[in-house]
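In this text, all values refer to a predicted model and were calculated from it rather than measured experimentally. Proteins get letters first, then strands, A, B, ... in listed order; numbering begins at 1 in each.
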Amino acid sequence: GQQVMQIPQYQHVQEGEDFTTYCNSSTTLSNIQWYKQRPGGHPVFLIQLVKSGEVKKQKRLTFQFGEAKKNSSLHITATQTTDVGTYFCAGRSSSGYALNFGKGTSLLVTP
Amino acid sequence: DTAVSQTPKYLVTQMGNDKSIKCEQNLGHDTMYWYKQDSKKFLKIMFSYNNKELIINETVPNRFSPKSPDKAHLNLHINSLELGDSAVYFCASSSQGSTEAFFGQGTRLTVV
């Protein structure tokens, strides 16, 4: 079945530093989604990328979808303590019924 | 109004017991899911239902039995609970093929 790999598993940064998490799929994805889960919370949708090579920005967050639609990245510029949490990428199966999550990257930001 | 609601939020029970977790969504979505999140934060899909019909069953032990009485509800019944079942269980919903999935608050199950 479709597998979505995500690295790194953990990242600890000083406030103000940048952060990037990478996602790779074993198969071509129709689209990729990104979610954020705060400690003790539930996953919350951030964005969806659909087109090959697509780049989207949300304030300090930049999301990219690879040309081959097999990889994606999330980059946070100048991290803040409010960015703390686990960031997941998720690929939807071709049938559309399954949303398979990567293992997530847990971000810790130290003031 | 909570879009996806799960009950209970916490569940502590002994090995061998049977328990249920309920999930309801008021978003009008046709697809609902159960995910298991272990201590390492890995979100693993367990089941997916579309219009009350089981679509995906990801190698989950048959002690786990989902039931969808209607499109807005997807309950999870677990028989003969084991220590390894301890985890946070998330219910989620979406429209088939749409953008985002909405998650419930999660049910933290602890088997002792």
List the atom of F90(B), the atom of G41(A), and the distance in Å for their closest heavy-atom pair. CZ-O, 3.7 Å
Could you pull out the closest heavy-atom pair between I45(B) and L99(A), with the gap in Å?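 Where I45(B) meets L99(A) most closely, the heavy atoms are CD1-N, 4.1 Å.
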What's the separation between atom [atom1] in [X] and atom [atom2] in [Y], rounded to the nearest 0.5 Å?
{"X": "F101(A)", "Y": "K41(B)", "atom1": "CZ", "atom2": "NZ", "value": "13.5 Å"}
{"X": "I47(A)", "Y": "E100(B)", "atom1": "CD1", "atom2": "CD", "value": "11.0 Å"}
{"X": "Q37(B)", "Y": "F88(A)", "atom1": "CD", "atom2": "CZ", "value": "5.0 Å"}

How about [atom1] on [X], more than 12 heavy atoms from neighbouring residues, nucleotides or ligands closer than 6.0 Å, or not?
{"X": "D70(B)", "atom1": "CG", "value": "yes"}
{"X": "Y22(A)", "atom1": "OH", "value": "no"}
{"X": "Q14(A)", "atom1": "CD", "value": "yes"}
{"X": "K103(A)", "atom1": "NZ", "value": "no"}

Among F103(B), F102(B), Y35(B), the one residue meeting side-chain contact (heavy atoms from CB on, under 4.5 Å) with H42(A):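 Single pass found, and it is F103(B).
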Indicate if V4(B) and Y89(B) have the same hydrophobic cluster label, given that clusters are the connected sets of ILVMFWY residues with side-chain heavy-atom separations under 4.5 angstrom. no
Common cluster, Y87(A)/L29(A), ILVMFWY with side-chain heavy-atom separation under 4.5 Å: yes
Counting only heavy atoms closer than 4.5 Å, note whether Q6(A) contacts chain B via side chain, backbone, both or neither.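 When you check distances to chain B, no heavy atom of Q6(A) falls under 4.5 Å.
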